[in-house]
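Structure, as structure tokens:
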Number of protein chains: 2
Amino acid sequence: MIFFSSIYLGYICFMGVLRKTKSVKLLLSEFEKQSTAISAITLIERLQSKMNKTTIYRVLEKLEDDGFLHSFLGKNGYKWYAKCTNCSSAEHHDVHPHFQCTDCGKVDCLSKDALIPNIPNRKVDVSRVVLQGKCEDCFT
Amino acid sequence: MIFFSSIYLGYICFMGVLRKTKSVKLLLSEFEKQSTAISAITLIERLQSKMNKTTIYRVLEKLEDDGFLHSFLGKNGYKWYAKCTNCSSAEHHDVHPHFQCTDCGKVDCLSKDALIPNIPNRKVDVSRVVLQGKCEDCFT
DNA sequence: TAATTAACGCAACCAAGTTGCAATAAATAT
DNA sequence: ATATTTATTGCAACTTGGTTGCGTTAATTA
């Protein structure tokens, strides 16, 4: 219950769109206790006893629309989600690169200044970047 | 027939692995007459009267293993292929970013110095970058 | 407490990509 | 040139991440 006294609850109330259902709370708590990105598949595995996979996909989509999560495609084209930092339903700022470890599979967000997304003669709207390799733990 | 008097034929003969079959020739000719990247789906649409989709996937995989094509995931997680510049079966150098137009869907390869793939404390093996937006033609 | 309406569960579906296997056709040996 | 070897192909069936339609349930509002 603790995590719903935080910004989440206020945010949702403010938006007035997303209802505080059991499913929404469960999904939010997953992103509360884990700072790295989580794949949709992983969430389905973890929560399938508690909610339907259709619901998971629909809530994730809504949380992304509201600027609460951002999504990207990892290895094999699987969908991953991570918390946004300064986004809203009006604008998504999270065009930073992600790093996926080929050993443990963990994905986390990198600081966005690692990339120069300005290409001459083109208007860049989305920058989907996934770097793959060995993370600090698996490297040694 | 003309395009098989080029480097392609010599390359294949040298490798001694890939046979000069009708399917291989057909797929190579597609990448000969189009310099931008092509999605697997597009190739299946174009060539389905001439070869089976399984064959298309298998030949593409082999051409990638031999360092002739490189692949990446575009919008929706669809697989795209483009010609390599200086790769071999031993090493793939094509970690450059790609640009996909959200209007016409066209994808082309960008010069690799647009990206800095060095991240502290991590060993980067693969860099999958897809920028999306408007290309020169669709921008105006 | 009742009315409204978003969210849910279920089952069926969609489609990109894969697998097993028998048939075919390149490459190689005779 | 012909036979043998073996990579390649086509087909059909399958796998699976993700979606859709719809009747039911539950959160919000009156």
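In the text below, chain A, chain B and the rest are named by the order of the sequence lines, each starting its count at 1. Just so it is clear, the model here is predicted, and its values are computed rather than measured.
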_Separation of atom CG in A:L63 from atom C1' in C:dA7, rounded to whole Å_ = 13 Å
*In sequence, state the C-alpha distance, the side-chain angles, and the governing distance for B:L63 and B:L28, and then conclude on side chain to side chain contact (heavy atoms under 4.5 Å, CB included).*
CA-CA 9 Å; B:L63 289 172; B:L28 283 176; 4.2 Å; yes
*asked:* I need the CD-C1' distance between B:E61 and D:dT8, as an integer number of Å.
replied: 13 Å
*Please state whether the phosphate of D:dT19, meaning OP1 or OP2, lies under 4.0 angstrom from any side-chain nitrogen or oxygen of A:Y57.*
no
*Would you kindly check whether a donor in the side chain of B:R58 faces an acceptor in the base of D:dG10, or vice versa, at under 3.5 angstrom?*
yes
*CD1 of B:I41 versus P of C:dA15: gap in Å, rounded?*
10 Å
*Please state how far atom CG in A:N76 lies from atom C1' in D:dG18, giving the value in whole angstrom units.*
15 Å
*State, to 0.1 Å, how close A:E30 and A:I38 come at their nearest heavy-atom pair, and which atoms those are.*
O-CD1, 3.8 Å
*Take atom CD of B:Q48 and atom P of C:dA15, then tell me their distance rounded to the nearest Å.*
13 Å
*Measure the shortest side-chain to side-chain distance between A:Q48 and A:K53 over non-hydrogen atoms and say whether it is less than 4.5 angstrom.*
no
*asked:* Quick check on side-chain contact (heavy atoms from CB on, under 4.5 Å): which of A:L69, A:T21, A:L43 does A:L27 satisfy it with?
replied: A:L43
_For the student: nearest non-hydrogen atoms of B:V24 and B:R19, plus distance_ = CG2-O, 3.5 Å
*Gap between atoms CG and C1', on B:L26 and D:dT8 respectively (whole Å)*: 14 Å
*Between atom CE in A:M51 and atom P in D:dA26, what is the gap in whole Å?*
14 Å
*Could you check B:K79 against B:T21 and say which one's nearest nucleotide on DNA chain C is further toward the 5' end?*
B:K79
*Any side-chain N or O of B:T54 less than 4.0 Å from the OP1 or OP2 oxygen of D:dG10?*
no
*What about B:K53: does its side chain form a donor-acceptor pair under 3.5 Å with the base of C:dG17?*
yes
*Compare side-chain N and O positions of A:T55 against OP1 and OP2 of C:dA7 and report whether any pair is under 4.0 Å apart.*
no
_Comparing B:K22 and A:N52 on DNA chain C - which has the more 5′ nearest nucleotide_ = A:N52
*asked:* Which nucleotide wins on minimum distance to the side chain of A:S23, given the candidates C:dC8, D:dT9, D:dG18?
replied: C:dC8
*For A:K20 and C:dC8, what is the distance between atoms NZ and C1' respectively, to the nearest whole Å?*
18 Å
